[in-house]
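Chain letters run A, B, ... following the sequence lines, proteins first, then strands; residues in each count from 1.
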2 protein chains.
Amino acid sequence: MSKCEQCIVREFSSLKALNKEELVKLAECKTSRLVKKGEVIFEEGENVNGIFCIKDGVCKLTKLSPNGKDHIVKLVTKGELLGQRSMISEEPVNLSAVALEDMQVCFIPKSEIMGFFDKNNQFSMNVMRTICGDLKDADSQMVNMAQKTVKQRLAETLLYLQDTFGKNEDGSLKIQLTRDELASMIGTATESCIRLLSDFNKLGLIELKAKKITLKNIPQLKKMV
Amino acid sequence: MSKCEQCIVREFSSLKALNKEELVKLAECKTSRLVKKGEVIFEEGENVNGIFCIKDGVCKLTKLSPNGKDHIVKLVTKGELLGQRSMISEEPVNLSAVALEDMQVCFIPKSEIMGFFDKNNQFSMNVMRTICGDLKDADSQMVNMAQKTVKQRLAETLLYLQDTFGKNEDGSLKIQLTRDELASMIGTATESCIRLLSDFNKLGLIELKAKKITLKNIPQLKKMV
DNA sequence: TATAAAATATGATATATATCATATAAATGA
DNA sequence: TCATTTATATGATATATATCATATTTTATA
């Protein structure tokens, strides 16, 4: 069992408020797990009795819409926590979490977290702020979905992906989503997404080669949003 | 200055966790205000140094989209609190609040609320649960906007309005939204909204008379969603 | 009450997007 | 390495929705 004290990732989440003693307790009760690309961490409707801390990798949070399509609500990456909302609401999770790449994930049981909640004010404030940030983002995404065109949403999403996950040495987006996944982030049909990418390519806004997407004209992409 | 102790509305919000002593303190520092229909309570980007408690009436929370249209993110009614997210995040509000009917609203300064936060665990837990509920709703609305047709969203919204705000003696929806507002809740053009209402009317799903909307075939409306 | 302004309604048309079909390319696995 | 599956791409077409125009009704106001 590795020590949480030495885990750098903790510095990026609400857990940074924990003191040495609390971190020792945490290390004792947490369980670590490797999650392969494509593997499910938890599924909509499940009871998850605790939270997950992402040590490495990226996953998607999806929600099944009544028409049977999955919609990607959020991407979550190294340093972030999963399952906080569900734990606080004492409800099943409302989203599924699926690994987009191989991941290292730690699970912290609810009892432990609730203890920190009671005793460490800074920790609970951090959690609250995170959830408030999520709410603000969700509201703004809701408005995007309702009011922007698919083209605008695609441009915005490409910019977001580069901003958040960076680029490879060749300049292409570091995070690898299938066209299908990209479509279910922006809320459109896969073919429409592919077609628009193709249009963007022809316009010189992006470059497509062998599945890799490279943003070529960022000012122009920004202007579209 | 009326006493918060005797205000029934408080029982419906996070404030129900406050004890007598805290309620007396609250009554001393709060300010009350009448808000006329159409009046703005606060505007996107503003710094609101506290939270509002709605004693009576309903307001809409809107967000301006880049195309210049307002989108209604949420309706908030008697018993609910406004501005919690912004206060916790220590950020300007991300939404505007506009009265849909005449309202009675109390303002509670941030300092007071933060005091309750520190000392009353049940209160902060209540606030957290409310925000978690908002986040869940927002995620689900986001998916609705992205994946459902305008027709489905209209049906769903009509059912929601009746569920949440009830109906008049004549059976029509109690809450009075303009077509324009209804359109900006479901994320469509005003004309499209009017047209679909007209279609629903012809199909016997609803009845339109003199601005009043009456749901006539709820099972069928539910089936559409 | 008369008049202006705003809200609702509906038609005609344009546009964005989804769907269905099929081709090609890439990835996977025996 | 070849065969099979899966992902990407593109055309043709259908459909949903937006936009523009105009009429009618309702509401506000002088």
Keeping R129(B) on the side-chain end and I88(A) on the backbone end, is there a donor-acceptor pair under 3.5 Å?
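Present.
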Between the side chain of T157(A) and the main-chain N/O of R153(A), is any donor-acceptor distance below 3.5 Å?
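Looks like yes, one N/O pair under 3.5 Å.
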Spacing between [X] atom [atom1] and [N] atom [atom2], to the nearest angstrom:
| X | N | atom1 | atom2 | answer |
| --- | --- | --- | --- | --- |
| L154(A) | dA16(C) | CG | P | 15 Å |
| M145(B) | dT17(C) | CE | C1' | 18 Å |
| E181(A) | dT6(D) | CD | C1' | 13 Å |
| K209(A) | dT8(D) | NZ | C1' | 18 Å |
| K69(B) | dA18(D) | NZ | P | 6 Å |
| R195(B) | dT19(D) | CZ | P | 12 Å |
| Q176(B) | dT26(D) | CD | C1' | 12 Å |
| I213(A) | dA9(D) | CD1 | C1' | 14 Å |

K60(A) and D70(A) ion-paired at < 4.0 Å
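Salt bridge between K60(A) and D70(A), a charged N being under 4.0 Å from a carboxylate O: no.
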Are the charged groups of E90(A) and K110(A) less than 4.0 angstrom apart, N to O?
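Counted as a salt bridge, because a side-chain N and a carboxylate O are separated by less than 4.0 Å.
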Does [X] have a side-chain nitrogen or oxygen under 4.0 Å from the phosphate oxygens OP1 or OP2 of [N]?
| X | N | answer |
| --- | --- | --- |
| T178(B) | dA6(C) | no |
| S192(B) | dA16(D) | no |
| T190(A) | dA7(D) | no |
| T188(A) | dA18(C) | yes |

Kindly point out which of dT8(D), dA21(C), dT17(C) is positioned nearest to the side chain of E191(A)?
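The answer is dA21(C).
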Could you work out which one of dA9(C), dT10(D), dT17(D) sits closest to the side chain of R179(B)?
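For R179(B), the side-chain atoms sit closest to dA9(C).
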If you pin I194(A) and K148(B) to their nearest nucleotides in DNA chain D, which one's is more 5'?
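With I194(A) and K148(B) compared, the 5'-side residue is I194(A).
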Measuring from I175(B):CD1 to T164(B):OG1, what's the distance to the nearest 0.5 Å?
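Interatomic distance, I175(B) CD1 to T164(B) OG1, rounded to 0.5 Å: 8.5 Å.
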